[in-house]
Structure formats: C-alpha cells, structure tokens
Amino acid sequence: MALRIYNTLTSKKEELVPVRPGEISIYNCGPTVYNFFHVGNARNFIVIDAIRRYLEWKGFKVKLAQNITDVDDKIIKKASAEGRTPGEVAREFTAYYFEDLEKLGVRKADVNPKATEHIKEMQDLISVLIGKGFAYEQNGDVYFSVEKAKAAGYGKLSHKNIEELEAGARIDVNEQKNSPLDFALWKKDKNEGISWDSPWGKGRPGWHTECCVMSAKYLGLPFDIHAGGIDLVFPHHENELAQAEAAYGSTEKFAKYWLHNGHLNIRGQKMSKSLNNSLMARDIMMTMNSGVIRFFLLSAHYRSPLDWTEENVASAVAGYNELRYTLSRAALALDKPAVEGGSPDAVLLEKGKAMEEAFVSAMDDDFNTASAIAALFTCASEIKNSIKKKDFVLNAQNREVLKLAAAKLASLGGALGFRLETEDLSAEALALAAEREKARKIKDFKASDELRAKLDKLGYIAEDSRMGQMVFKK
RNA sequence: GGCGGCAUAGCCAAGUGGUAAGGCAGCGGUCUGCAAAACCGCGAUUCCUCGGUUCAAAUCCGAGUGCCGCCUCCA
C-alpha cells in the first residue's frame, strides 16, 4: 500500500513519492537557541524522529537536516539582559539542546547546520533576489517584496490572500518597508554585538533566509519533506517558500511536501511565557522516563492538538509500562528451557502477522501513531495471552513463535523510537534479586519484602508470578 | 473582522458511506504469603444539535451551537 502524507500546501493527503527513489530528505525547523526547549518543542522533535525511524524501518534511506537558529532577536535580547554576547548565549543553549535531545532518545539529525555558519550563502541568495527584482535595499536593510511574489501565489501555503493580510496588518511606526507585508532579508547592524560585513553594510540576516539556504545546501533541490510546528506555517514557511520560489523558479523546485505538527497545550492552555506555564523537557525528564514522554506525545495523531494534563500523563505511564513489561514477561518465559509435547500456537503466529499489517497501514496513512500504538497493544496482549494459556506448552516450536512475536513487538516499537527490550539489571539489583529468590524459596517473606523495598529504592520493581520472580526497571 | 481546524464513553483516542479500534480509569471474578501484575467478564442502541441526500452516515450536504489555532515572536 502506498505511503500517504498530508501536505499543508495542498491541504490533502498525497502519496509520498520521493524525489530520488528509495531516499527521503527531510528538513525540520530546529530550535532558536535562547532557552531550554519545552515539551511542545519536544513534540516536534519526537514526531520527526518517529517518522524518520519508521521510514528507515520501511527501508528508505533518510537524510534529516535540522537547523539551529543561532542569530535572532530573542537571543540578542537575552544576551543584552544578561550582559553577555549573543554568541555566548547561543553556544550555551546549543549544548543544552543536544544534551536534552539525547536524553529524550531522539537521534541526532544527519546535519545540524547553524545560521551563523551560512552567512555567505544567505548573502548570495539575497543578492540573487535583489538582482531578480524581488528584494530592495533601504538604508542598510534589505526587504523582500511580497507584492512581487503575488503572481507566484504568495499565501498559498498558509491559505491566506494578500488583501486580507494587508487589511489586518499592523502599522509599524519606524517602517522603512514599501509594504507592511514585506519582510527583512538583511537587518542593518544596531550594535547588538553580532554582525557581518555585507554588500549593504554591516548587519545580520533576517528571519526566513537561513532555512532556504541550508535546506538547499544539505539536501539538494528539490527535497522531499519540509517540516515544523503548525505556528511556523505563517509567516515563516510562507516567506521561506516565497524566497525559494523567487530564487529557484518554482515551488516544485523547493520542497515537495510540507508537514506541520499540532501544538501541545498545558492543562488546556497554550504554553506561553506570560502564563508562565512552559514545561521544559529537561525538567520533566528528572521525574519521568523519556519513553513515557514519547509514548504520550505519539498517542495522538501528530496534527491534532494534544493536552498535557496529570491524568493524561498518568495514562501514558501505565500504557507505556504495559508494553515494556510484556517483553520482560516474554523474556522470563523464554528463559526457561524448551519442553517436549504440546502443539504449535498458530494463533500467536497469525496475530503477529496481522499486527504488523495493522501497524504498517496505520503508519502509512499519514503517520497515524495513535492507531499504530493500538496495534502494539494488540500484539502485547496476544503474547501475554499465549504465555498464560493453560495449553500453551513451551516446546521448541512455540519457543520460536514466542520469540518471533516478542521480537516483532520490539521491532515495531523501535520503528517509533520506543526501546521496549528488557534492560539489563545493574550488578547490585541482580544480587538483590538473587537473594530475594532464595528468601522466597525458604518462605522467608519478611526478608523477601525487605529486599523488594530495597529494589524499589534502586528503581526496580519485583513481581512474583507463576513463572517465578520478575525484576525490571521502573 | 478575515482565514483555517476540531466536536466520538469518566479521561485520552482511531475510524471519510456498510452498521462504533485501542489505551487509561472504574466495577465484578480468577490468581496470589503479601503486594503488584496478569487473565476473564462488564461499558457509547450511538458519534455536539437540527434538518437533508442514501437501501445504508460518526463518516456526504445545509443550518446552528461550542471549543481551538493563525492573521504579531512562538515547535
């Protein structure tokens, strides 16, 4: 079945046909490094990470570029408030960004280009735009003329038209622009501690040029998917598209599919500075397994809004653990030697196959992770069912079937970035577990309970079942 | 004011014409040294409301209501 993806540009689900067969190139708008990133940002990173992993799981060669905006108003503002240089602020939070991504279990992009390292390329693009008549210089600033892009259909990505935008536009007092809709490609230096020489004098690049330049440089033109948060559709991506179109000739020569993820709310409210309700991913990870965060963020379709509430998060904790523990239980069963007799468990084998089909068709339909996760649960419950069934005999054949089912669950989970495999216990936990096993054999339950408490403190859960003791990481 | 989206059980959430996936929570039971987990059983005669199209609609059309996003920095 064909892989379909919702394209913001056409407002339709389209078949994903890569520019280069077998390869998929993705450009995701990365962070502006002026602060730690919050769970809302994390949603974007994790959604893209899951899409990337799934595509790779399907056999595509994926190239992901995720930029770092390290020159920007917000960085300059923060630097000046703290008496530091913009460069210092950017470097600090770039380091935190990579640290937090790793903790979140998000794989690093293939390239992480920085705006400040592509000033020359941006200037070249601006020169081209001026040469083609799409941009004009005004006292050291350079602006893009939206009016000139009208013929090319400016507004088509965000589905707005110029007249409406003009009607709603704010009048800026210090405006040098010919039209309020025009946007800055190059901003004249105002002694903010960060500037470069240019044909138009000292200054720094404007908002939307970097992605234009860096996507082309690292992915080649055209490339497949241009992604980002829904709020970037306008004006960022609209303006970026206008520039690319003006410079390269047409939309088709830039990005083929535009993908935007919905926002994450906090208890029904938009995350914002004024409400002081931003949850930093870094803080949450202090108390929460990163897998739970991923599970929660993938539990809704990526384009739907999602609400972070205590209840919803608790639900994710329980659900995610259920998947993990299933594999621990399967591993425990597989720990025992095979026995003779019994008949093959045909149901499990069949269900494993059906589950993969359900998973793939969910993901192929515009990366429906919510539905794909449901398929994981179906598989998990079949595994548990089999182990528990009275007539299930762990003969050599069923051992293989169970192994396959468990491997399948791990593999499909992995395609979304979940690490469901049983984690190895620390030496200390292993020793405590062995001790507890002994205590239980001689029915010294007092000692057994104490050992369970000790394991709990170390972050392990000890469960007793018919098959024996199970100890696994919380 | 303009543009766009959404409305499915207590909560989350799939489902775009064929008779309501899945998860969490809850209740009853089995199991258990305990605990937890697990397993079995139980939930929407119905998908915001009202009309319409159709043999058939949560799914299509129209009207209404409510919520949200964007139009300004924002993932």
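Values reported hereafter were calculated over all heavy atoms of this structure, with side chains retained and with hydrogens, waters and symmetry mates removed. Letters A, B, ... are given to chains in the order of the sequence lines, protein chains preceding strands, and every chain is numbered from 1.
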Taking only the side-chain heavy atoms of [X] (C-beta and beyond), determine which of [options] contains the nearest atom.
X: Lys160(A); options: C71(B), A13(B), A75(B); result: C71(B)
X: Glu463(A); options: A36(B), G33(B), A13(B); result: A36(B)
X: Pro235(A); options: C73(B), A75(B), A14(B); result: C73(B)

Regarding Asp366(A) and Arg303(A), does a basic nitrogen lie under 4.0 Å from an acidic carboxylate oxygen? yes
May I ask which nucleotide in the shown strands pairs with [N], Watson-Crick or G-U wobble, both distances under 3.5 Å?
N: G69(B); answer: C3(B)
N: C34(B); answer: none
N: G41(B); answer: C27(B)
N: C60(B); answer: G52(B)
N: A21(B); answer: none
N: U16(B); answer: none

Show me the protein contacts with nucleotides 22-27 of chain B, counting only N or O atoms at under 3.5 Å.
| from | atom 1 | to | atom 2 | distance (Å) |
| --- | --- | --- | --- | --- |
| C24(B) | O4' | Ser315(A) | OG | 3.2 |

Specify the separation, in whole Å, of atom CG of Asn41(A) and atom C1' of A75(B). 5 Å
Stepwise side-chain hydrogen bond (donor to acceptor under 3.5 Å, both in side chains) test for Asn239(A) and Tyr154(A): CA-CA 8 Å; Asn239(A) 289 349; Tyr154(A) 183 87; 2.4 Å; yes
At under 4.0 Å between heavy atoms, what does [X] touch on the DNA or RNA strands: base, sugar-phosphate, or nothing?
X: Arg303(A); answer: nothing
X: Phe445(A); answer: base
X: Gly40(A); answer: base

Could you list all N or O pairs between the protein and nucleotides 4-7 of chain B that sit under 3.5 Å apart?
none

Protein-nucleotides 15-20 of chain B N/O pairs closer than 3.5 Å?
| from | atom 1 | to | atom 2 | distance (Å) |
| --- | --- | --- | --- | --- |
| G15(B) | OP1 | Asn368(A) | ND2 | 2.8 |

Any donor-acceptor pair under 3.5 Å between the side chain of Asp464(A) and the base of C34(B)? yes
